[in-house]
Amino acid sequence: MTATTTIEAVWRIEQPKLTARLVRCLRDVGLAEEVAGDAFLLALERWPRDGIPRNPAAWLTEVGRNRALDRLRRTTMIDGKHRELAIDLAELEREMPDIEAALDEDIDDDLLRLVFTACHPILPVEQRAALALRLLGGLSTAEIARAFLVPEATAAQRIVRAKRALRDAAIAFETPRGQERRERLAAVLEVVYLIFNEGYVATAGSDWLRADLCGEALRLGRSLAALMPDEPEVQGLVSLMELNASRFPARSGKAGEPILLLDQDRTRWNWSLIRRGLDGLNRAMTLTSTPGPYQLQAMIAACHSRAATAADTDWIAIAAYYQALALAAPSPIVEINRAVAVGMAFGPAQGLAIVEALKDEPRLKGSHLLPRVRGDLLEKLGHRAEARAAFRQAAELTGNERERALLLARAGSPSGGRS
């Protein structure tokens, strides 16, 4: 491993912690990120020559602290409007007389504040996701652009706008409490799961799945679970992601083509991840008597994970969990998934009835999901011509090239696959 590779690996681990420490003092996410970046550039310059320090985190923190002091001094001298930052100078100068001793004292609190800041509901979801990957995942702008299949300029604009919005709104760098915490936590979990789902089935492009993006979401989720071990929905989300990620080895063929759940070779599933996911779900269930949406989805994923074969799947339980999910977090996507489960548990005609009730749902306009599931249910009922038409419609609407090829194949040969 080269020195540069080692430095980048250290940076990936330490960057969120360093940024969190700096945000606490600078009270500006954008400025804190710039200062942290300065520390990283200095490490790239000096560590290959001088060797990696005994305590890289302490080295980066001290450099970041000094750079932050320089920035604040320049700001107070140049712009009289920011004289109030003098208090930050004093805070920075006195708070870390022994940096190594202070490193672990409040980092969990700082990271938690950074999570809630990066995922603040004042930001549009796409900006939250980009900022979270930048600050908490350590991804570059180019990597974030590739993650969401957008131009690099678009990704950069999202990040800049997010930081500007947080600064202009004077969002406090704090962990909210009570009802506000519950509301903000929902936004945090939404962002993490959005990142995971974009990797699980990419909305566009030539890849069926993006394991790297799912890995980032899992890393963010696990960090959040470590910071908030008593939050059942956090534990539930991590469990859900682990159980779904366990199927990765079986979800595509040698040429990258999709393999749907009921056709997968379950011996290729990652059973270590399944055990972790099931253990996490058990922990989540001990924390509350009323499962939340992520716990309910994890319970559904667990039903699939516990089935040795597709025929062993407890579809009646899955349909019941989807019914509970529809009550806890109603959405047309939940209804589509419930239609699949009901169709498997009680027959395709009952599933189709749920689908037909959604045909005028405005939130599904332009989505391939409804015609895809409708085609599958029609196929099972023997209505082949209608099924082919539904699969063709779904193929026209999907942005994922692999999924489009699968749907077109089913349109030409309706018996060639299963949802």
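Since the structure is predicted, the reported quantities are computational estimates derived from the model, not experimental observations. The first residue in the sequence is number 1, and the count goes up from there.
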Can you give the donor-acceptor pairs under 3.5 Å from side chains of residues 171-182 to other protein atoms, not counting sequence neighbours?
residue : atom : partner : partner atom : Å
Q179    : OE1  : R182    : NE           : 3.2
Q179    : OE1  : R182    : NH2          : 3.0
Q179    : NE2  : E183    : OE2          : 3.3
E180    : OE2  : R184    : NH1          : 3.1

Quiz item: Just by distance, do the side chain of N337 and the backbone of I333 share a donor-acceptor pair under 3.5 Å?
Solution: yes

Quiz item: Is there a side-chain contact between T6 and W47 (heavy atoms, below 4.5 Å)?
Solution: no

Exercise. Could you tell me which residues satisfy salt bridge (Lys or Arg N to Asp or Glu O under 4.0 Å) with E126, sequence neighbours excluded, listed by chain and number?
Key: none

Quiz item: Does the side chain of L42 come within less than 4.5 Å of R67's, by heavy atoms?
Solution: yes

Self-check item: Under the ring pair (Phe, Tyr, Trp, His ring centres under 6.0 Å) test, residues paired with F116 that sit two or more places apart
Solution: none

Self-check item: Beyond-backbone contact of N55 with W59, side-chain heavy atoms, under 4.5 angstrom
Solution: no

Self-check item: Test side chain to side chain contact (heavy atoms under 4.5 Å, CB included) applied to A353 - qualifying residues, sequence neighbours left out
Solution: none

Quiz item: Say you draw a straight line from CD1 of I195 to CD of E190; how long is it, rounded to the nearest 0.5 Å?
Solution: 11.0 Å

Practice problem: Give the minimum heavy-atom separation between L114 and P16, together with the two atoms involved. | Solution: CD2-O, 3.6 Å

Quiz item: Are any side-chain N or O atoms of Q235 and backbone N or O atoms of P232, one a donor and one an acceptor, separated by less than 3.5 Å?
Solution: no

Quiz item: Any salt bridge (charged side-chain N to carboxylate O under 4.0 Å, His left out) pairs touching residues 305-319, not counting sequence neighbours?
Solution: none

Practice problem: Could you pull out all residues at least two apart from W269 that satisfy ring pair (Phe, Tyr, Trp, His ring centres under 6.0 Å)? | Solution: none

Quiz item: Okay, side chain of R266, backbone of A307: is any donor-acceptor separation there less than 3.5 Å?
Solution: yes

Practice problem: Verify, without hydrogens or angle tests, whether Q264 (side chain) and I259 (backbone) share a donor-acceptor contact under 3.5 angstrom. | Solution: yes

Exercise. Find the distance between CE (M285) and CE (M299) and round it off to the nearest 0.5 Å.
Key: 4.5 Å

Quiz item: Which pairs with one or both residues in residues 318-334 pass side chain to side chain donor-acceptor pair (under 3.5 Å), sequence neighbours excluded?
Solution: Q323-R338

Practice problem: Applying side chain to side chain contact (heavy atoms under 4.5 Å, CB included), name anything that partners A187, two or more places apart in sequence or on another chain. | Solution: P121, R128

Quiz item: Can you check whether I336 reaches V355 side chain to side chain, under 4.5 Å on heavy atoms?
Solution: no

Quiz item: How far does CG of L273 sit from CG of L243, to the nearest 0.5 angstrom?
Solution: 8.5 Å

Exercise. Just jot down the side chain to side chain contact (heavy atoms under 4.5 Å, CB included) partners of V160, sequence neighbours excluded, or say none.
Key: R164

Quiz item: Any idea which heavy atoms bring G280 and S239 closest together, and the distance?
Solution: C-CB, 4.1 Å

Quiz prompt | R219 bridged to E216 by N-O distance under 4.0 Å | solution = yes

Let me check something: any side-chain donor-acceptor pairs from residues 151-159 under 3.5 Å, sequence neighbours excluded? List them with distances.
none

Exercise. Please list all pairs passing the side chain to side chain donor-acceptor pair (under 3.5 Å) test where one or both residues lie in residues 222-233, with sequence neighbours left out.
Key: R222-E242

Self-check item: Flag, side chain of Q297 to backbone of P293, donor-acceptor distance under 3.5 Å
Solution: yes

Exercise. Could you tell me which non-hydrogen atom of L397 sits nearest to which non-hydrogen atom of S367, and how far apart they are?
Key: CD1-O, 3.3 Å

Quiz prompt | Electrostatic pair D279:R283 at N-O distance under 4.0 angstrom | solution = no

Quiz prompt | Distance (rounded to the nearest 0.5 Å) between T309 OG1 and D265 CG | solution = 12.0 Å

Exercise. Check L224 against V234 and note the closest heavy-atom contact, atom names and distance.
Key: C-CG1, 3.8 Å

Practice problem: Side-chain contact test, heavy atoms from C-beta onward, threshold under 4.5 Å: evaluate it for D376 versus R372 and give yes or no. | Solution: no

Quiz prompt | Heavy-atom closest contact (V35 atom, A68 atom, distance) | solution = CG1-N, 3.8 Å

Quiz item: Does W315 have any ring pair (Phe, Tyr, Trp, His ring centres under 6.0 Å) partners at least two apart in sequence or in another chain, and if so, which?
Solution: H304

Practice problem: Could you tell me which non-hydrogen atom of A169 sits nearest to which non-hydrogen atom of I122, and how far apart they are? | Solution: CB-CD1, 3.5 Å

Self-check item: Short N-O contact, R374 and E356, less than 4.0 angstrom
Solution: yes

